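The structure appears right after this line, and notes come after that.
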Amino acid sequence: MKKILLATVMAIVMTTSAHAACEGGTLSDDGKFCISDITLNWWSAANWCKANGRRLATMYEVCPGWDENVGTGKCPVITSSIGPYAWTATANNSNYAFFIDPSTGFVDSGDRSYLDHALCK
């Protein structure tokens with residue numbers, strides 16, 4: 001009987017999908033993204049996402065239809081409660097990556113050593 005119970009529990013655990021965490025962060029208004037409450041350089045932002053069972057979101061995930069340019073209104077507003085700026089996984093060259101302002105949709109790129117929030121998917 002114990003073996004059957006153990007097998008049943010293991011089957012349920014293995015088929016249940018894991019939910020990614022957002023500890024130390026804020027979920028976007030649509031619930032699709034987790035934005036860190038602290039600022040981090042790009043590499044630390046990627047690790048912060050990983051520690052929450054997530055990954056840095058790409059520009060194309062955050063801004064469907066993005067025209068690959070920087071500026072105001074290039075991305076839809078994804079949250080009104082976290083502001084400026086949040087890293088994405090999309091590189092702009094070997095030293096730069098794109099970031100957005102989740103409260104305005106402003107897109108730019110910056111040196112990966114700058115301190116911004118992590119934007120995780």
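What you see is a predicted model, and the numbers here were worked out from it, not measured in a lab.
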Give, for atom [atom1] of [X] and atom [atom2] of [Y], the distance between the pair rounded to the nearest 0.5 Å.
X	Y	atom1	atom2	answer
Cys75	Asp67	SG	CG	10.5 Å
Asn93	Arg112	CG	CZ	7.5 Å
Asn69	Asp108	CG	CG	11.5 Å
Leu56	Glu61	CG	CD	10.0 Å
Asp116	Asp101	CG	CG	10.0 Å

Using atom types as modelled and distance alone, determine if a side-chain donor or acceptor of [X] lies under 3.5 Å from a backbone N or O of [Y].
X	Y	value
Thr90	Met59	yes
Asn41	Leu115	no
Asn52	Arg54	no
His117	Ser36	yes

If you look at every heavy atom in [X] and [Y], which pair is closest and at what distance?
X	Y	result
Tyr85	Phe106	CE2-CD2, 3.8 Å
Gly110	Phe99	N-CE2, 3.5 Å
Trp48	Ala118	CE3-CB, 3.9 Å
Ile35	Cys22	N-SG, 4.4 Å

According to a 4.5 Å side-chain heavy-atom criterion applied to Ile, Leu, Val, Met, Phe, Trp and Tyr, with indirect links allowed, do Ile38 and Trp43 form part of one hydrophobic cluster?
-> no
Do you reckon Val70 sits in the same ILVMFWY cluster as Tyr96, going by side-chain contacts under 4.5 Å, direct or chained?
->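 Val70 and Tyr96: separate clusters.
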Check against side chain to side chain contact (heavy atoms under 4.5 Å, CB included), Tyr114 and Trp42 = CA-CA 7 Å; Tyr114 294 165; Trp42 185 86; over 6 Å; no
Kindly indicate whether the side chain of Leu119, heavy atoms from C-beta on, has any atom under 4.5 Å from the side chain of Val62.
->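 The answer is yes; the side chains approach within 4.5 Å.
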Yes or no on side chain to side chain contact (heavy atoms under 4.5 Å, CB included) for Arg55 and Lys50, after CA distance, side-chain angles and deciding distance?
-> CA-CA 5 Å; Arg55 61 178 172 72; Lys50 192 174 186 178; over 6 Å; no
Please lay out, stage by stage, how Phe98 and Trp66 fare under the test ring-ring contact (aromatic ring centres under 6.0 Å, His included).
-> CA-CA 12 Å; Phe98 287 98; Trp66 177 53; 4.9 Å; yes
Using a strict cut-off of less than 4.0 Å between a Lys/Arg side-chain nitrogen and an Asp/Glu carboxylate oxygen, indicate whether Glu68 and Lys74 qualify as a salt bridge.
-> no
Give yes when the SG atoms of Cys120 and Cys49 are nearer than 2.5 Å, otherwise give no.
-> yes
